[in-house]
Amino acid sequence: MTIEYMPRGVCSRKMTIEVEDGIIRSVQVDGGCNGNLQGISRLVEGMPVEEAVSRMEGIRCGWKNTSCPDQMAQALKQYK
């Protein structure tokens with residue numbers, strides 16, 4: 001399954017996530033802090049969706065109520 005998600009309230013513009021049998025296979029993020037998002041993407045590849053959501057949901061970026069990891073968790077919730 002391919003999830004295409006347009007994040008809200010963060011610098012990144014689009015997240016494309018490939019999920020197969022409940023496991024994250026690949027993540028691509030357009031926009032945002034390139035190095036940080038590449039690192040997050042590599043860390044979650046191979047991880048079960050539920051674990052990634054539980055680790056990233058609720059993370060805030062500075063004064064914002066959300067963050068790129070939190071938005072990625074929101075995108076992954078579409079898989080369920």
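Values below: every heavy atom of this structure, side chains too, minus hydrogens, waters and symmetry copies.
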Nearest-0.5 Å distance, [atom1] of residue [X] to [atom2] of residue [Y]:
{"X": "L37", "Y": "M15", "atom1": "CG", "atom2": "CE", "answer": "6.5 Å"}
{"X": "C11", "Y": "N34", "atom1": "SG", "atom2": "CG", "answer": "12.5 Å"}
{"X": "Q71", "Y": "Y5", "atom1": "CD", "atom2": "OH", "answer": "4.0 Å"}
{"X": "D70", "Y": "K64", "atom1": "CG", "atom2": "NZ", "answer": "12.0 Å"}

Applying side-chain contact (heavy atoms from CB on, under 4.5 Å) to M56 and I40, what does each step give before you reach the verdict? CA-CA 10 Å; M56 296 187 296; I40 292 167; 4.1 Å; yes
Looking at [X] and [Y], what are the two nearest heavy atoms and their distance?
{"X": "M1", "Y": "Q78", "result": "CE-O, 4.2 Å"}
{"X": "V27", "Y": "S41", "result": "CG1-OG, 3.3 Å"}
{"X": "A52", "Y": "V44", "result": "CB-CG1, 4.3 Å"}
{"X": "S67", "Y": "R60", "result": "CB-C, 3.8 Å"}
{"X": "G31", "Y": "R13", "result": "CA-NH1, 3.5 Å"}

Go through the steps to decide whether V29 and C68 satisfy the test side-chain contact (heavy atoms from CB on, under 4.5 Å), and finish with yes or no. CA-CA 9 Å; V29 182; C68 288; 5.8 Å; no
Can I3 be reached from V53 by stepping across I, L, V, M, F, W or Y side chains whose heavy atoms are under 4.5 Å apart? yes
Is it true that M72 and Y79 fall in one hydrophobic cluster, defined by side-chain heavy atoms closer than 4.5 Å? yes
Which atom pairs, donor and acceptor, lie under 3.5 Å between side-chain atoms of residues 16-26 and protein residues at least two apart or in another chain?
{"unit_1": "E18", "atom_1": "OE1", "unit_2": "T2", "atom_2": "OG1", "d": "3.1"}
{"unit_1": "E18", "atom_1": "OE2", "unit_2": "T2", "atom_2": "OG1", "d": "2.6"}

Return yes when atom CD of Q38 has more than 12 non-hydrogen atoms of other residues, nucleotides or ligands closer than 6.0 Å, and no otherwise. yes
Candidate pair Q74 and R8, rule side-chain contact (heavy atoms from CB on, under 4.5 Å), full reasoning: CA-CA 10 Å; Q74 301 312 309; R8 296 179 245 349; over 6 Å; no
